[in-house]
Amino acid sequence: MWKRAFVGAATAAAALRRPFPSLIRGATSSSSSNSISSAVNSMLLRSLKDHYLEVAKMNMPPKVGPPSPFTIVKGALDSNGPVLKRNYGDEEITIYVMRLAANDDEDGDGGGGGGVIDQLFIHVDVSKPNQNECLMFLCGLYEDALGIHSVSMRPKLQESGGGYLLVPSQYAGPSFADLDESMRDAFHSYIEERGINESLFKFLQAWLYVKEHRNLLRWFKTMGLFIDGKKPLTPSS
């Protein structure tokens with residue numbers, strides 16, 4: 001299974017942080033230090049290459065398109081910006097996504113990272129033309145449900161910014177849980193009407209797996225190039 005294989009590779013990557021005591025112990029001269037450094041570099045490069053090739057062979061999850069009328073933002077896989085966008089009347093809806101960390105290790109491998117993505121954290125912006133602020137929803141998204149964590153107004157993000165969250169500089173409003181039930185229901189209806197619901201989960205889950213796979217490949221490659229004294233050809237390679 002691709003998910004479990006990804007966990008294994010991430011765990012193996014973490015194992016690269018372990019030192020090499022048998023090589024480091026007893027280095028007493030400049031020549032022996034250089035020899036040890038070269039040996040360590042060779043071991044590390046070999047391990048990085050092996051794990052890069054292992055990750056490169058992984059099968060991707062089945063391709064899933066976003067629910068209509070959402071479209072994928074160009075370049076989203078290589079940035080920290082929005083993933084999906086759509087228009088709703090004169091409004092523009094943009095969606096950012098990240099993994100919502102779990103408290104337990106569901107795969108039981110003790111890896112402390114990776115694993116099945118069964119809960120997502122999404123940041124939804126609703127903006128209107130000629131307005132300097134937008135409506136921001138922070139939500140937890142699951143396969144069968146969506147829950148709003150907070151609602152606030154904040155300045156629009158610049159197109160080139162690519163940042164994920166902006167710390168509000170003004171009053172952000174009451175806690176969503178403190179709103180009365182009728183208002184909470186009205187806000188849920190507001191984003192549901194704009195297509196923000198559990199139907200987004202399958203696409204965003206698959207998209208995150210692909211993004212994390214690309215990031216892991218890039219990490220192995222750029223780390224190896226650095227250790228080997230070479231420069232990456234492009235930022236996205």
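Values below: every heavy atom of this structure, side chains too, minus hydrogens, waters and symmetry copies. Bear in mind the structure is a predicted one, so any value in this text is a computation, not a measurement.
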query = Considering only heavy atoms from C-beta outward, does the side chain of Ile117 approach that of Glu212 to under 4.5 Å?
reply = yes
task = Just jot down the side chain to side chain contact (heavy atoms under 4.5 Å, CB included) partners of Ser127, sequence neighbours excluded, or say none.
result = Glu92, Cys134, Lys156
key: Closest non-hydrogen atom pair, Ala56 against Leu217   = N-CD2, 3.7 Å
key: Nearest heavy-atom neighbours spanning Tyr142 and Asp118   = CD2-O, 3.9 Å
key: pair Tyr190-Leu135: side-chain heavy atoms closer than 4.5 Å   = yes
Atom pair CG (Asp178) and CZ (Arg184), whose distance is rounded to the nearest 0.5 Å = 9.0 Å
key: Heavy-atom side-chain contact between Leu179 and Phe187 under 4.5 Å   = yes
request  = Look at the aromatic rings of His188 and Phe176 and report parallel, tilted or perpendicular, splitting at 30° and 60°.
outcome  = perpendicular
key: Residues that Pro69 engages under side chain to side chain contact (heavy atoms under 4.5 Å, CB included), provided they are two or more places apart   = Arg86
message = Applying salt bridge (charged side-chain N to carboxylate O under 4.0 Å, His left out), can you list everything that pairs with Arg46, at least two apart in sequence or on another chain?
response = none
inquiry  = Looking at every heavy atom in both Phe121 and Leu138, which two are closest together, and how far apart are they?
reply    = CZ-CB, 3.9 Å
query = Is the closest side-chain heavy-atom distance between Met60 and Val210 below 4.5 Å?
reply = yes
message = Measuring from atom CG of Leu146 to atom SG of Cys139, what distance do you get when rounded to the nearest 0.5 angstrom?
response = 4.5 Å
inquiry  = Determine whether a donor-acceptor pair (N or O, by modelled atom type, separation under 3.5 Å) exists between the side chain of His51 and the backbone of Phe220.
reply    = no
remark   = Tyr88 meets the side chain to side chain donor-acceptor pair (under 3.5 Å) criterion, sequence neighbours left out, with Glu193
inquiry  = To check you understand the geometry: which heavy-atom pair defines the closest contact between Pro82 and Thr94, and what is its length?
reply    = CB-CB, 4.1 Å
remark   = side chain to side chain donor-acceptor pair (under 3.5 Å) filter on Asp180, not counting sequence neighbours, yields Ser182
inquiry  = For a side-chain contact (heavy atoms from CB on, under 4.5 Å) check, start with the C-alpha distance between Ile95 and Val83, then their side-chain angles and the critical distance, and finish with the verdict.
reply    = CA-CA 6 Å; Ile95 300 176; Val83 176; 5.7 Å; no
ask   = With side chains defined as the heavy atoms from C-beta onward, is the minimum distance between Leu200 and Pro66 less than 4.5 Å?
value = no
task = State, yes or no, whether a side-chain contact exists between Asn87 and Ile93 at a heavy-atom distance under 4.5 Å.
result = no
inquiry  = Classify the ring geometry of Tyr96 against His123: parallel below 30°, tilted from 30° to 60°, perpendicular beyond 60°.
reply    = parallel
key: Residue pair Leu45 / Gly224: nearest heavy atoms and the distance that separates them   = CD2-O, 3.2 Å
query = Could you go step by step and tell me if Leu216 and Tyr52 meet the side-chain contact (heavy atoms from CB on, under 4.5 Å) rule?
reply = CA-CA 8 Å; Leu216 186 56; Tyr52 176 90; over 6 Å; no
Worked check of side-chain contact (heavy atoms from CB on, under 4.5 Å) between Met136 and Met153 = CA-CA 6 Å; Met136 179 177 73; Met153 298 294 299; over 6 Å; no
Short side-chain to backbone donor-acceptor contact, Lys211 and Ser79, under 3.5 Å = yes
message = I need the single residue from Arg154, Arg194, Lys85 that forms a salt bridge (Lys or Arg N to Asp or Glu O under 4.0 Å) with Asp125. Which is it?
response = Arg154
Chi angles and distances behind the side-chain contact (heavy atoms from CB on, under 4.5 Å) call for Leu141, Gln119 = CA-CA 6 Å; Leu141 179 62; Gln119 45 189 345; over 6 Å; no
task = Kindly write out the residues that satisfy side chain to side chain donor-acceptor pair (under 3.5 Å) with Asp185, not counting sequence neighbours, or none if the list is empty.
result = none
key: Set of salt bridge (charged side-chain N to carboxylate O under 4.0 Å, His left out) partners for Asp228, sequence neighbours left out   = Lys230
task = Quick one: list whatever passes side chain to side chain contact (heavy atoms under 4.5 Å, CB included) with Ser199, sequence neighbours left out.
result = Pro67, Asn197
query = Under 3.5 Å, side chain of Ser47 to main-chain N/O of Met43, donor-acceptor pair present?
reply = no
key: Set of residues satisfying ring pair (Phe, Tyr, Trp, His ring centres under 6.0 Å) with respect to Phe70, sequence neighbours excluded   = none
ask   = Per the side-chain contact (heavy atoms from CB on, under 4.5 Å) rule, which among Ile196, Val73, Leu204, Ile122 passes with Leu84?
value = Leu204
query = Which pair of heavy atoms, one from Tyr209 and one from Val116, lies closest together, and at what distance?
reply = OH-CA, 3.4 Å
key: Qualifying residues under salt bridge (charged side-chain N to carboxylate O under 4.0 Å, His left out), relative to Glu143, sequence neighbours excluded   = Lys202
message = Under the rule for side chain to side chain donor-acceptor pair (under 3.5 Å), what residues qualify as partners of Glu198, not counting sequence neighbours?
response = none
Inter- and intrachain pairs under side-chain hydrogen bond (donor to acceptor under 3.5 Å, both in side chains), touching residues 62-75, at least two apart = none
